[in-house]
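Report on one structure; see the data block that follows.
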Amino acid sequence: MQGIIRLAALAAATALAGCASFSPDGGMGVVADITTRTTAKEVASVRSDDDAERVRAATRRLLARPLSADAAVQVALFNNKGLQADYHQLALSDADRVGASLPPNPTLSLMRISGDGALEAERQVAGDILALATLPLRSGIARERFHQAQLRAALATLRLAADVRRAQVRAVAANELVVLLVEAQSAAEATARLATRLGETGALNRLDQAREQVFYAETTAELAGARRMASSARERLIRLMGLWGDDLGFRLPERLPALPRRPLTQPFVETDAVGHRIDLQIARLELSALATSLQLTEATRFVTLLDLAGIDRKTIEPDGRVIRERGFDVQFQIPIFDGGEVRVRQEAETYNIAFNRLTERAVTVRSEARDAYRSYRAAYDIAGHYGREVLPLRQIISEEMQLRYSSMQVDIFALLLETRQRLASRRAAIDAKRDYFLAEAELSTAVNGGGGTTGEDTARQTASALAPSND
Amino acid sequence: MLSRRTLLGSAALAGASAVSGRVQAAAIPDAPVMDKAVMQPPLHPSAGPDYQPVVTLNGWSLPFRMNGDWKEFHLVAEPVTREFAPGMSAHLWGYNGQSPGPTIEAVEGDKIRIFVTNKLPEYTTVHWHGVILPCGMDGVGGLTQPHIQPGKTFVYEFEMKHAGTFMYHPHADEMVQMAMGMMGMIVVHPRAPVPPVDRDFVFVMATYRIEPGSYLPKVTEMTDFNMWTWNSRVFPGIDTLPVRLGDKVRIRIGNLTMTNHPIHLHGHKFKVTGTDGGWIPEVAQFPETTTDVPVGTVRVLDFIADNPGDWALHCHKSHHTMNAMGHDMRNLIGVSRKELARAVGKLSPDGMVMGNTGMAMGTMEMPAPDNTLPMMTGNGQFGPIEMGGMFTVVKVREGLARDDYRDPGPYQFPAGSVAYEVASAPEPPQRTGSAATQTRTQR
């Protein structure tokens, strides 16, 4: 009992000294730090009209020019309301942190009983001494929870950035395909007309006319499909960027940017990923929070509730005599039946679960990083192969076919056939380039976090593993 | 004119050892080499009996030397590059620097010794097509002699018993070697001292399949040839035949293609006076302006050049007067150039749009793949000739010197002798029915 009182006194002293205050930036500093480091973009939690105005102006500037992937990401970071909600969630957990770091408020009770001329008045100041005693531990946990929330906000930011990047790449590639198919359709239409005309002059039978015209028909159908895809891709990008109304008129670049001259070399991709992945950092913090929480449980395993009350009782007897009594009242619950063992076991197993989940996650992250890098390299090589080999060869074929047509070595419909093959190659080249930029985004998420839904779910599982015993 | 070179060491030595039983190495004559594809002046004999030499179209005659009473020649079978016409060369096999090989000229009764050195990558032989000789000299590989292996030199010895026009070509891997251009002409002059004609031209016809943009003939091609050549030249690369007005002219034509060629001469009647079997008795000769030269034969045409002017001489199969063209082409007659231009422009946005020139060949120089000649080409004084392949011009002029074979330029037509446009043509009679409108060509 002496020990508890001593502990309570000590706790009260330290707690009052280290009383926490609200973060000036609502915890956005860490988010901005991580985001800037990995995406080189600005984040803004919109809290005031000034903020809103600033973000608005920046968005307008970005939307005025053809929207690059970087610009799209920036617009989304400013305008995506889901992300803003995440930022406010962070501010909320800042408040929780401050709340948890304050000592428990003392309970003041006044009792006044009178009857038969007698009056009994009792003033009692009761404080949850145990709460006070464990204040440093609990505020430590709250700090880590807050840090976790910060990382979650950063993760949400990275995820959004990656999603936007992917959506922008898909939208631009879809537009490129539409442009290509418009060109193809135009060529097909001209030759289909020519085929009809040759049918009229008697140079082309019905079978060959149909053969020449079917390309036009097919291309028209493909173009319609491609237009639909392009418009869907654009809408997805719009949703992610949180745009509506007048802002929808933005233009996308006509084609995907050129491949970088040489691919990223990442010999330490695994190490980088294990060091950088936000979801891993969150899981690590979970573990450390659990460890602290376990310490707390251990410290209080035999005394789960300790109320200390200072009692100052004044009794006025009916005869007017005043009796003044002082003392204290301590109440505690003794875990006779389980010895606190149940809670300790629960905590320990929860910790073990989280520990294994973290380990599993780290193994997965390493594998994902390797996989993402190999995919990235393969995508780079394939796209480069199209750019360096296939398309130049197609160009030569095209020129040579033109020469053969000019010198009456081949029929005009041989040009059409060649055009079809060239279109197929150009489509494949667009796809390859799109896949490269998607793989690049994938690599970035594999190293920094914010990956696809699979990764997200796993992170949530890890987080939820500790939820039952602490929240 | 002739660039002589000594035989390359190893080949010569190897060849020498092959024939050392009968001939000393030092006794093998030089093999002269020709490096030009233009018609060389006639080679007058420097020894032996005299004769009026022939002129080989875009070619030359092989010099010989006398060794006792033997006329010695040296043929070297070797890979060559032959210009078909300016702008196109073919990688062929030939003799002494050119394909076809040089014309071998001899006189009836001459004893001939021909050294043949093989510098091809495979064995060969030479068959003296039409020459009556001992069987062992006939040059049929496997049948009458061992093949001449690469690097070896063989010698053929026989007497030219008959005057006439003959050919030579391999009789070993014949399909490939002839498709690669291995051939030449043999002219055996009669012993009579008086020259029978004033001008005597000779050439051999060969066909090749050379894909546009390539250089090597397709030796497996049997029917779909695209290069119809006289002495491995195509118009406008074939030299003209300049003759003096009133000359007695002879044209000797050998056919080593896989199809017949109806050769047509404008402005003159001729008689076929000889074949590879010899001279045709005068009573059997009849006048014509076109004669068919069947596969594997020679025809000799004689005529008096009595009609001044520029006269076409060509094969009458119209696709033989074209250079390379595709055969799987749709007929675009009736389609406007604009429609065509639109289609082509859309199909080849990066390339040159030829559509606005439509199908008109004529004066347009169409861009073509490398080493490909326009399909129809050549210009005359009035405009495009639109010919290719087996086509040239016999130029009959007054006052040419005896051995002058230079192109005398375009014919100066006497005033009022050229077809002319009528100033006010009467309206053509109206035709009824739809046939007229249906067949009208829209251009």
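Fair warning: this is a prediction, and the values are worked out from it, not measured in the lab. Throughout, protein chains are lettered first and strands after them, A, B, ... in sequence-line order, and every chain is numbered starting at 1.
- Of all non-hydrogen atoms in R330(B) and D411(A), the two that sit nearest each other are N-OD1, 2.5 Å.
- Ranked by heavy-atom pairs shorter than 4.5 Å toward chain B, the options A192(A), A190(A), A414(A), A184(A) are led by A190(A).
- Within a 6.0 Å radius of CZ in R420(A), other residues, nucleotides and ligands contribute more than 12 heavy atoms.
- Proximity to chain B involves both the backbone and the side chain of I412(A), based on heavy atoms less than 4.5 angstrom apart.
- Annotation for M229(A): atom CE does not count as buried by contact number, only 12 or fewer foreign heavy atoms lying within 6.0 Å.
- Each of R404(A), E400(A), E189(A) has some count of heavy-atom pairs under 4.5 Å with chain B, and the biggest count is that of R404(A).
- Atom CE of residue M329(B) and atom CZ of residue F413(A) lie 11.5 Å apart, to the nearest 0.5 angstrom.
- In this structure, CG on L340(B) lies 8.5 Å from CG on L198(A), to the nearest 0.5 angstrom.
- In this structure, P367(B) and S407(A) have side chains that are not in contact, with every pair of non-hydrogen atoms separated by 4.5 Å or more.
- Closest non-hydrogen pair, S186(A) versus K346(B), comes out as OG-CD, 2.7 Å.
- In the displayed structure, D246(A) atom CG is contacted under 6.0 Å by at most 12 heavy atoms of other residues, nucleotides or ligands.
- Note: L332(B) CG to T201(A) OG1 = 8.0 Å, rounded to the nearest 0.5 Å.
- Annotation: the span from Q409(A) atom CD to M325(B) atom CE amounts to 8.0 Å, rounded to 0.5 Å.
- Heavy-atom minimum distance, T419(A) versus L347(B): OG1-O, 3.3 Å.
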